[in-house]
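Values in this document were obtained by computation on a predicted structure and should not be read as measured data. A, B, ... follow the sequence lines: proteins, then strands. Residue 1 opens every chain.
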2 protein chains.
Amino acid sequence: MVTAVTTTEPRKRNRRGEGGKLREEIIAAAVALLDEGGDERAVTLRSVARKAGIAAPSIYAHFADQPSIMLAVVQQEMDRLATALREADQNAGTDARTRLFAVCNAYLDLAREHPQRYRIMFGGLWTPSVDDTSISDADLESLGAEALTLLADVLEACVAQGIAHGSDDPYGDAVALWLGLHGLAHQRAVVRKMPGPADVAERLITALAHLKP
Amino acid sequence: MVTAVTTTEPRKRNRRGEGGKLREEIIAAAVALLDEGGDERAVTLRSVARKAGIAAPSIYAHFADQPSIMLAVVQQEMDRLATALREADQNAGTDARTRLFAVCNAYLDLAREHPQRYRIMFGGLWTPSVDDTSISDADLESLGAEALTLLADVLEACVAQGIAHGSDDPYGDAVALWLGLHGLAHQRAVVRKMPGPADVAERLITALAHLKP
DNA sequence: TTGTTTGCTTACAGGCGTTAGCTTACGTCT
DNA sequence: AGACGTAAGCTAACGCCTGTAAGCAAACAA
């Protein structure tokens, strides 16, 4: 049983300048392993290599060590999330309520579509190997801050349009709203079926955004 | 608190009827490993055995396999949590607002005191080995349901005392409130420092319980 | 004494991350 | 056209740790 149980065909070597392509393929392989329903323990250096159809040591040309792979996955998915939120906001027009629900639902949808990825991103198990300079706490915090700023913007718009009760600290309200969304998204990502009513999301958003009835 | 799991001294064998004691010591050892700041990967069958001062195979007399240990830890900590919540409620007197904050803060405090345990409980990584009959999904769900019922009770009391706006579905509101608490507790358990204002907890509770200003 | 509980020792097979050194094919330069 | 430097990836191997099986030794109760 040495060979290729899954999808591994004799890999075509990349062209001269395109060695970096493999880096993306490695990340994609890691993500694929997650999406297949395995938890993060299924994402080992060797399993990723198998999935990508390469030999395990070939990874070291692109990543310093195993945690670096997870780190890259997290960063990529964080970027994807931030982009999705911005996009949802911009496609939502100018009505504040529509914007609010668009952004929040985009967040929840992404988490629901890829629960394992969400778990990795916010589950706190990717153990930053501090010597990886390509990404750091600052990166992630700034990304979170970006999403929070977006939320705060939308909340302010709600107040400005008179559909929500104001507050002296919209950023703080954004944090609270995000925490609620995160609680729901994470719990959905973890358990097979959530207890509670179907409109929990709406209730959370309405309450935490202080929307007027 | 089961004590003396710190170092590896030649273990005193248990008396005739007290073989079951080791089971508790094993769980305690696993919890200790978590509390030492290691994540769940640090809790291997062998590391637990080392911590408990016994030989690795000796665990099999008390647990079917390694995941069963984690499962037992989760159940124990879930019990502890439920007890703490009930206790906080009963010590809070009859004022609904006081009861509400007492229960919620008890939840948050416990999570903050033992972040790694909290992560294990709700992180969804303990991979139930289905053949373990001593605990099951039903157990955990019923436990969650118990906590939720408690929350719903307190919320109804708030409405009854006129300090919160009513709702046609107090249980649903309890779920929403719990999700908010969970989001905060989990995020605190995962990252070293939370962004946002210091009174996020109060804001979450106030908003999700629909407390009147 | 004898049976049973309690826990240990030894051992195996397999997966892991990582290092060292080799092969092959590409692009370039004469 | 042919040689060559180098990028791209592979094979082999190391040491470590894991979960688990099989059988043994000692202490206690009857």
Side-chain angles (χ1 to χ4, degrees), chain A residues 1-6 8-30 33 38-73 125-129 131-132, chain B residues 4-5 8-30 33 38-72 125-127 129 131-132:
Chain A
M1 239 39 88
V2 174
T3 56
V5 203
T6 53
T8 49
E9 278 304 298
R11 222 188 98 86
K12 258 291 202 248
R13 170 183 299 194
N14 279 322
R15 305 287 274 276
R16 206 63 187 298
E18 304 174 335
K21 268 191 176 175
L22 185 50
R23 186 190 156 88
E24 295 171 24
E25 293 185 33
I26 290 170
I27 298 180
L33 283 172
D39 55 37
E40 52 263 50
R41 285 170 301 195
V43 186
T44 76
L45 195 145
R46 290 180 113 105
S47 71
V48 168
R50 280 191 296 265
K51 193 76 182 177
I54 61 175
S58 301
I59 292 185
Y60 286 95
H62 303 278
F63 295 93
D65 50 12
Q66 191 266 344
S68 300
I69 303 176
M70 295 314 280
L71 218 53
V73 169
L125 199 54
W126 35 278
T127 342
S129 64
D131 51 338
D132 190 324
Chain B
V5 272
T8 49
E9 276 305 296
R11 224 190 98 84
K12 258 291 202 255
R13 167 182 300 194
N14 279 322
R15 304 287 275 275
R16 205 66 187 294
E18 305 175 334
K21 265 190 178 175
L22 184 49
R23 188 190 154 89
E24 295 172 23
E25 292 185 32
I26 290 169
I27 298 179
L33 283 172
D39 55 37
E40 50 264 49
R41 287 171 301 195
V43 185
T44 77
L45 195 147
R46 291 180 111 103
S47 71
V48 169
R50 280 192 295 267
K51 193 75 181 177
I54 62 175
S58 300
I59 292 185
Y60 285 97
H62 304 278
F63 295 93
D65 49 11
Q66 190 267 344
S68 300
I69 303 176
M70 295 314 281
L71 218 52
L125 199 54
W126 36 277
T127 343
S129 63
D131 52 336
D132 189 325

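- Nearest heavy-atom pair, B/Glu40 versus B/Met70, reported as atom, atom and distance to 0.1 Å: CB-CE, 4.4 Å.
- The shortest non-hydrogen separation linking B/Ala72 to B/Arg23 is CB-NH2, 3.9 Å.
- Comparing the start and finish of the helix from C/dT1-D/dA30 to C/dT30-D/dA1, five pairs each, the helix axis swings through 10°, to the nearest 10 degrees.
- For B/Gln66 (side chain) and B/Val43 (main-chain N/O), a donor-acceptor pair under 3.5 Å exists by modelled atom type.
- Between A/Phe63 and A/Leu45 there is no side-chain heavy-atom pair separated by less than 4.5 Å.
- Using a 4.5 Å heavy-atom threshold, the side chains of B/Ile26 and B/Ile54 count as touching.
- Scanning all heavy atoms of the two residues, the minimum distance from B/Ala49 to B/Ala56 falls at CB-CA, 3.5 Å.
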## Note on the structure
Each nucleotide of nucleotides 14-21 of chain D classed B (base within 4.0 Å of a protein heavy atom), S (only sugar-phosphate) or -, in 5' to 3' order, makes ----BBBB
### Task
Decide side chain to side chain contact (heavy atoms under 4.5 Å, CB included) for A/Val48 and A/Lys51; before the verdict, give the C-alpha distance in whole Å, the side-chain angles of both, and the deciding distance to 0.1 Å.
CA-CA 5 Å; A/Val48 168; A/Lys51 193 76 182 177; 5.6 Å; no
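- D/dG9 atom C1' lies 12 Å from atom CD of A/Glu25, rounded to whole Å.
- With A/Ser47 contributing its side chain and A/Ala42 its backbone, the two residues share a donor-acceptor pair below 3.5 Å.
- Atom-to-atom, CD1 of B/Ile54 to P of D/dA26 comes out at 19 Å; the value is rounded to the nearest Å.
- Note: CZ (B/Arg23) to C1' (C/dT6) measures 17 Å, nearest angstrom.
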